[in-house]
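Ligands are counted one by one from 1 in listed order, and the atoms in each one are counted from 1 as well.
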Amino acid sequence: MRDEILKLEAASRQLEPTAPLREKWTQQVTAYSDNFIDNIEEIKAYVISEENGRGVLQAPFRESGREMEEILGILKEHVDNVGLNPASGGHLGYIPGGGIYSTALGDFLAAVTNRYAGIFYGGPGAVRIENQLIRWMAGLINYPKGSLGNLTSGGSIANLIAIVTARDKKKIRSRDVENAVFYLTKQVHHCVQKAIRIAGMDESVIRYIPMDERYRMSAEALKKQVASDKAEGLRPFLVVGSAGTTDAGAVDPLNDIADIAEANDIWFHIDAAYGGFFILVDELKEKFKGVERSDSLAIDPHKGLFLSYGLGTVLIKDVKAQFDSHYYKASYMQDTLGVNEEISPADLSPELTKHFRGLRLWLSLQLFGVAPFRACLEEKHLLCQYFYEEIQKIGFEVGPQPELSVCMYRFIPLSGNANEFNAKLVEIVKQDGRVFISSTNLDGVNWLRLAVLSFRTRLKTIDTLLEVLKKGVAELT
Ligand SMILES: *Cc1c(COP(=O)(O)O)cnc(C)c1O
């Protein structure tokens, strides 16, 4: 048996590359990523390709490996050169972020050391880092000491954790689901409806509260709806306020919603996945008035702090409630009990084994400090305001004055269907490829959207978009 084992060992040792091979691979990967970043301004924001990435399928997994060179070639041609390029500053659609380089370095370190940040017993330093980050974010929105939460893969899971925690805290059991009422607006991100379904509350009542002309929840309408639901014998359960809606960038009247939630014992959750970090900008703080009165909040560092995809956060005031919904006990984990200087992330989340995803944010904040993030957010806000002014000068109609960094606009042609005209404009921008925009449909009206949140979006980028749109209109009329 020993001989057999030693034979296998020789083969399995391939999984631990030698120092020279590590160095070679690292150099090749670094050369690839340097080339990517050095040319990021020339690489298109959107690449239309007939081949559409199918080439990856021509490299099936074999018993023996391939050369790094060949693998990077596949990546370049069939992955990084088709479709949307989210790293481009020209990504002005959906909600961009960019992906700052320090994210990659943090992930690299986290992957090499493979520290476990799930349970304090195993990774006390790693868990402290994750909880330190969560407390820092809780501090930004003025949550009281003792609040905590969890670092998640993104805003969707953050919203889910909050809703599950609220469900259990408010003691909504199966038989209560039908009577529980959610209060949303039509502008709430669809991941909230998805979370409601996953949380087993699909049969609950969902009230879509009317909005004002700026797509913000009407507090007056909310108040009336809650009163009428109570009169009907229903159980007002949870209200979702948005601090930056995806479509329109609107911030709901958080303070007024807090008043109503408080008076009626309703869980107040805020979805700030897109907009939350704008609270770092002094001039925008006022818009977040009342944010600290919520019970829970979702906020995405992979949006507002420009990190690469893979980091959202849920903040929850009542840690015990979050724990009660998510804690983990298994006999094989018995050694970990009792070591609790810090609450373990695994007890506040559906996950157990997980990526040490805090390291990328910790490294970034340590390397840069907070100031460049603050400046970058203010710059993005102003770029959006600038666009809002300039786009009107070339004859476009605009939606509400942008609150954070999303602007809605459209062109109304003298004749013909305006919706079709604007859909064609999106196509023209895509064909050009230097910048990428998306559109949305509100009450039957097609709006083009500008979302400025990639850290690489500059004044020059906005000018390019204005130029492409102007040319597009000329082409179509
Ligand atoms: C992006 C977004 C989400 C979803 O977050 P993911 O990180 O994509 O899972 C939720 N709410 C809002 C307002 C968003 O912009």
Could you tell me, atom by atom, which parts of ligand 1 come under 4.0 Å of a heavy atom of [X]?
X	value
T246	12 (C), 13 (C), 14 (C), 15 (O)
G244	13 (C)
Y274	15 (O)
A273	2 (C), 3 (C), 10 (C), 11 (N), 12 (C), 14 (C)
G154	7 (O), 9 (O)

So, is H302 polar-close to ligand 1, with some N/O to N/O distance under 3.5 Å?
yes
Checklist entry - Would R357 and E351 satisfy salt bridge (charged side-chain N to carboxylate O under 4.0 Å, His left out), going step by step from the backbone distance to the final call? => result CA-CA 12 Å; R357 55 175 69 99; E351 294 179 281; 2.8 Å; yes
Aromatic plane relationship, F436 with Y94 - under 30° parallel, 30 to 60° tilted, over 60° perpendicular
tilted
Mutual orientation of the aromatic rings belonging to Y327 and F323 [parallel < 30°, tilted 30-60°, perpendicular > 60°]
parallel
Side-chain H-bond candidate by donor/acceptor type, [X] with [Y], under 3.5 Å:
X	Y	result
S405	Y274	yes
N422	Y409	no
S294	Y143	yes
Q322	D318	no

Among protein heavy atoms, which sits nearest to [atom], and what does the distance come to when rounded to 0.1 Å?
atom	value
atom 6 (P) of ligand 1	G155 N, 3.3 Å
atom 14 (C) of ligand 1	K303 NZ, 2.9 Å
atom 9 (O) of ligand 1	S156 OG, 2.6 Å
atom 11 (N) of ligand 1	D271 OD2, 2.6 Å

For S242, is the nearest heavy atom under 4.0 Å from an atom of ligand 1?
no
| task | May I ask you to check whether F373 and F455 place their ring centers less than 6.0 Å from one another? | result | no
